[in-house]
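Working notes, beginning with the structure itself.
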Amino acid sequence: GEDVEQSLFLSVREGDSSVINCTYTDSSSTYLYWYKQEPGAGLQLLTYIFSNMDMKQDQRLTVLLNKKDKHLSLRIADTQTGDSAIYFCAERGNTDKLIFGTGTRLQVFP
Amino acid sequence: EAGVAQSPRYKIIEKRQSVAFWCNPISGHATLYWYQQILGQGPKLLIQFQNNGVVDDSQLPKDRFSAERLKGVDSTLKIQPAKLEDSAVYLCASSLEGTGHEKLFFGSGTQLSVL
């Protein structure tokens, strides 16, 4: 079945880059997404990448996709304390359902 | 533009009791989703509506969970009777059409604690 995995925690210093990783199993994934969830709030779409791309840049965010290894990453440049949140990777496969990963809690220290 | 509204924000009940959650999607959004997010896990789709019809309820525990979307706008999700393992955040989301890779807009969720 479809499965999306992420590491649970990441801690970085303010101003450094953060890299959040995700692996998925569904080779028929069409779109892959990164969502951000702040405490007590719903999920907010940050960015997405189509499966025929290998990179997408959007201001401080860079998404890298290695389709052969089924590996997705999100790089946040110049990480700020306001970036502290849980980041979810999600994929949309042939069932057209959005399958979320377990989430990575990013903590940014001043 | 108003976002997805959910209520109540928190709910504490004892096992075997009933509970209902309410969601008002963004105006004009045809598709409405209910997700269950257990602590430490990603959201899991429970049910998807397109207007007032059910598109996918394959992961809804139908022996105790029910949902409806009368008139294709607001929706309610009910649990009867609740079990301890139902403790979770219940997220409602909506999208314009529910096709392709449309953006989903999420509400803040209802946090349910079953004691």
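Within every chain, numbering begins at 1; the chains are lettered A, B, ... in the order of the sequence lines, protein sequences first and strands thereafter.
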Crowding at NZ, B:K11 (>12 non-hydrogen neighbours, <6.0 Å): no

B:L115 CG: over 12 foreign heavy atoms closer than 6.0 Å: yes

Shared hydrophobic cluster for [X] and [Y] (ILVMFWY, side-chain gaps under 4.5 Å):
X	Y	answer
A:L74	A:F100	yes
A:L46	A:F50	yes
A:L45	B:L32	no
B:V73	B:F21	no
B:L45	B:Y90	no

Closest non-hydrogen atom pair between A:G40 and B:S108, with its separation: O-CB, 3.9 Å

Candidate pair B:Y35 and A:L98, rule side chain to side chain contact (heavy atoms under 4.5 Å, CB included), full reasoning: CA-CA 11 Å; B:Y35 284 86; A:L98 209 53; 3.8 Å; yes

Engaged part of B:L104 at the chain A interface, taking heavy atoms whose separation is under 4.5 Å: both

Structural part of B:Q37 lying under 4.5 Å from a heavy atom of chain A: side chain

In Å and rounded to the nearest 0.5 Å, what is the [atom1] to [atom2] distance from [X] to [Y]?
X	Y	atom1	atom2	result
B:Q41	A:T102	CD	OG1	8.5 Å
B:K44	A:K97	NZ	NZ	9.5 Å
B:L91	A:L43	CG	CG	6.5 Å

Heavy-atom contact with chain B under 4.5 Å, split by part of A:Q37: side chain

Contact origin within A:Y35 toward chain B - heavy atom pairs under 4.5 Å: side chain

Min side-chain heavy-atom separation A:F88-B:P43 under 4.5 Å: yes

